[in-house]
Participant: 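Here it is, the structure, as structure tokens.
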Amino acid sequence: MATHRVLAAVAQLTSVPSVETNIGVVVDLVRRAGAAGAKVLFLPEASDFIAPASSVPDLSRPIVDGERNDFVDIVKTAAREADIYVNVCVHETPSQAESSGRCYNTNLVVSNMGDIVALYRKMHLFDVDLGPSGPTIKESNTTIPGTTLVAPVVTPIGLLGLQTCYDLRFTQESNRLAKHGAQCLTYPSAFALHTGAAHWELLLRARAVENQCYVFGSAQIGEHFPGRQSYGHAMIVDPWGSVVA
Ligand SMILES: O=C(O)CNC(=O)[C@H](CS)NC(=O)CCC(=O)C(=O)O
């Protein structure tokens with residue numbers, strides 16, 4: 001019997017503080033993945049923008065019917081036109097905006113019909129002080145933690161469990177997703193240079209082996225604005241732990 005093969009694509013890009021610029025890059029990636037025959041494309045965390053903390057409240061947008069969100073609307077249209085599922089992360093203004101102006105770090109799956117079929121808000125925020133060897137980052141200054149894990153969602157490559165970036169270090173959520181049937185796990189990311197070099201591939205491969213899942217690590221790469229860089233090395237890992245792309 002012939003094996004039914006479905007292609008997936010993993011992307012990396014350098015989001016900058018301009019949503020308009022990033023939309024252009026993202027639409028091009030969606031079209032190219034679709035043209036290459038992929039049925040699912042994985043885009044990284046903060047695909048809409050990476051900007052200094054002070055600009056985050058101005059640049060983030062709500063994701064609710066009736067509210068304008070150009071970035072998400074354009075991704076929906078591109079996914080429909082290219083007949084591809086798109087996994088992408090954006091900054092989401094909460095419907096009840098809190099006075100601090102913080103957003104959610106929101107991971108979306110958009111179907112090939114252009115509908116949002118899953119929405120997960122990053123639960124573990126990257127609050128670290130690596131001392132003189134690395135950066136001090138406090139994601140919770142700009143971001144509200146999500147409170148719920150989302151059941152794996154049906155995609156052309158099987159049931160997909162959603163996690164985001166720093167969540168990669170917390171094995172129990174991926175274990176719960178696998179127990180609930182996940183065959184694939186996605187970790188859209190913007191890993192720091194220092195921690196990425198030490199742990200990115202190691203952690204993706206560990207999550208793949210322990211959960212017996214395909215793992216998709218889409219990544220931000222390079223310099224977003226002066227003083228802010230990401231590690232890159234987007235990859236796909238199979239359940240044996242081999243890096244297949
Ligand atoms: O919203 C944005 O601006 C983009 N988001 C990020 O860059 C996030 C939060 S600061 N980065 C990480 O979680 C890196 C994790 C990491 O590097 C590790 O676990 O070692």
Side-chain angles (χ1 to χ4, degrees), residues 8-19 21-23 25-27 29-30 33 40-51 53 56 59-64 69-76 78-79 84-94 102-111 116-126 137 139-140 142-146 148-150 152-153 155 160-170 173-174 177 184-192 196 200 204 215-222 224 228 230-236:
V10 71
Q12 64 186 11
L13 56 104
T14 312
S15 290
V16 295
S18 157
V19 177
T21 303
N22 303 327
I23 284 179
V25 174
V26 161
V27 168
L29 286 164
V30 172
V40 186
L41 169 66
F42 294 87
L43 289 162
E45 184 180 34
S47 283
D48 55 344
F49 64 85
I50 293 188
V56 170
L59 293 174
S60 53
R61 292 287 176 270
I63 307 176
V64 282
N69 190 320
D70 290 342
F71 184 91
V72 171
D73 287 347
I74 290 170
V75 169
K76 287 176 170 176
I84 190 170
Y85 274 60
V86 177
N87 176 220
V88 65
C89 266
V90 298
H91 300 79
E92 177 195 3
T93 307
R102 293 190 303 168
C103 61
Y104 291 111
N105 187 332
T106 299
N107 183 334
L108 300 171
V109 178
V110 175
S111 75
I116 294 174
V117 292
L119 184 156
Y120 162 74
R121 298 181 175 123
K122 186 182 188 183
M123 293 170 74
H124 299 285
L125 301 182
F126 190 45
I137 297 185
E139 186 177 17
S140 63
T142 55
T143 312
I144 311 166
T148 35
L149 204 59
V150 170
V153 58
T155 76
L160 175 69
L162 307 183
Q163 291 280 272
T164 303
C165 197
Y166 183 59
D167 286 335
L168 179 56
R169 296 179 181 278
F170 299 84
E173 275 76 24
S174 68
L177 290 166
C184 305
L185 298 169
T186 179
Y187 291 95
S189 295
F191 254 59
W200 170 245
L204 289 170
V215 172
F216 297 86
S218 52
Q220 291 281 350
I221 184 168
H224 308 287
R228 180 74 188 273
S230 294
Y231 176 66
H233 294 76
M235 62 180 73
I236 302 174

Participant: Is it the case that the side chain of Trp200 and the backbone of His233 share a donor-acceptor pair, with hydrogens and angles ignored and the cut-off at 3.5 Å?
Facilitator: yes
Participant: What's the separation between atom CZ in Phe126 and atom OH in Tyr166, rounded to the nearest 0.5 Å?
Facilitator: 7.0 Å
Participant: So, the side chain of Ser60 versus the backbone of Thr93: is there a donor-acceptor pair under 3.5 Å, distance only?
Facilitator: no
Participant: Do the side chains of Ile116 and Lys76 get nearer than 4.5 Å, heavy atoms only?
Facilitator: yes
Participant: Please find the pair of heavy atoms, one from Glu92 and one from Leu119, that lie closest to each other, and give the distance.
Facilitator: OE1-CD2, 4.4 Å
Participant: Determine the minimum heavy-atom distance between Ser47 and Val26, stating which atoms define it.
Facilitator: CB-CG2, 4.3 Å
Participant: Using side chain to side chain donor-acceptor pair (under 3.5 Å) as the criterion, list what pairs up with Asp167, not counting sequence neighbours.
Facilitator: Tyr120
Participant: Can you list everything that forms a side chain to side chain contact (heavy atoms under 4.5 Å, CB included) with Asn22? Sequence neighbours excluded, please.
Facilitator: Ser15, Val16, Phe49
Participant: Going through the distances and angles, do Leu160 and Cys184 end up as a side-chain contact (heavy atoms from CB on, under 4.5 Å)?
Facilitator: CA-CA 5 Å; Leu160 175 69; Cys184 305; 3.7 Å; yes
Participant: Give, for atom OG1 of Thr155 and atom CD1 of Ile84, the distance between the pair rounded to the nearest 0.5 Å.
Facilitator: 11.0 Å
Participant: Please enumerate all residues that pass side chain to side chain contact (heavy atoms under 4.5 Å, CB included) together with His224, with sequence neighbours excluded.
Facilitator: Thr14, Ile50, Gln220, Arg228, Ser230
Participant: Holding to side chain to side chain donor-acceptor pair (under 3.5 Å), I want the full list of residues that pass it with Asp48, two or more places apart in sequence or in another chain.
Facilitator: His91
Participant: Taking only residues two or more places apart in sequence, or in another chain, which ones meet Asp70 in a salt bridge (Lys or Arg N to Asp or Glu O under 4.0 Å)?
Facilitator: Arg68
Participant: For Ser140, is there any backbone N or O sitting under 3.5 Å from a side-chain donor or acceptor partner on Thr143?
Facilitator: no
Participant: For a quick test of reading the model, state the closest non-hydrogen atom pair linking Gly232 to Ala219 and the distance between them.
Facilitator: O-CB, 3.5 Å
Participant: Is there a side-chain contact (heavy atoms from CB on, under 4.5 Å) between Val75 and Leu108? Walk through the geometry before answering.
Facilitator: CA-CA 11 Å; Val75 169; Leu108 300 171; over 6 Å; no
Participant: Is the shortest side-chain heavy-atom distance between Arg169 and His124 below 4.5 Å?
Facilitator: no
Participant: Side-chain contact, heavy-atom cut-off 4.5 Å: Ser189 with Tyr231?
Facilitator: no
Participant: Would you check if Phe216 and Val40 make a side-chain contact, meaning some heavy-atom pair closer than 4.5 Å?
Facilitator: no
Participant: Could you tell me which non-hydrogen atom of Leu149 sits nearest to which non-hydrogen atom of Leu177, and how far apart they are?
Facilitator: CG-CD2, 4.1 Å
Participant: Do the non-hydrogen side-chain atoms of Leu168 and Phe191 ever get within less than 4.5 Å of each other?
Facilitator: yes
Participant: With no hydrogens and no angle check, is any side-chain donor or acceptor of Asn87 less than 3.5 Å from a backbone partner on Val109?
Facilitator: no
Participant: Show your working on side-chain contact (heavy atoms from CB on, under 4.5 Å) between Asn107 and Gln163 and close with a plain yes or no.
Facilitator: CA-CA 8 Å; Asn107 183 334; Gln163 291 280 272; 5.8 Å; no
Participant: Any donor and acceptor pair, going by atom type alone, linking the side chain of Glu45 with main-chain N or O of Ala190 inside 3.5 Å?
Facilitator: yes
Participant: Return the OG1 to CD1 distance between Thr106 and Ile63, rounded to the nearest 0.5 Å.
Facilitator: 5.0 Å
Participant: Kindly compute the distance separating CZ (Arg102) from CG (Leu125), expressed to the nearest 0.5 Å.
Facilitator: 8.0 Å
Participant: Going by salt bridge (Lys or Arg N to Asp or Glu O under 4.0 Å), name the residues that satisfy it together with Glu173, two or more places apart in sequence or in a different chain.
Facilitator: none
Participant: Is there a side-chain contact between Cys89 and Asn105 (heavy atoms, below 4.5 Å)?
Facilitator: yes
Participant: Would you name the heavy atoms of Pro94 and Tyr104 that are closest together and state the gap between them?
Facilitator: CB-CE1, 3.6 Å
Participant: Which atom pair, heavy atoms only, marks the closest approach of Pro44 to Pro188?
Facilitator: C-CB, 3.7 Å
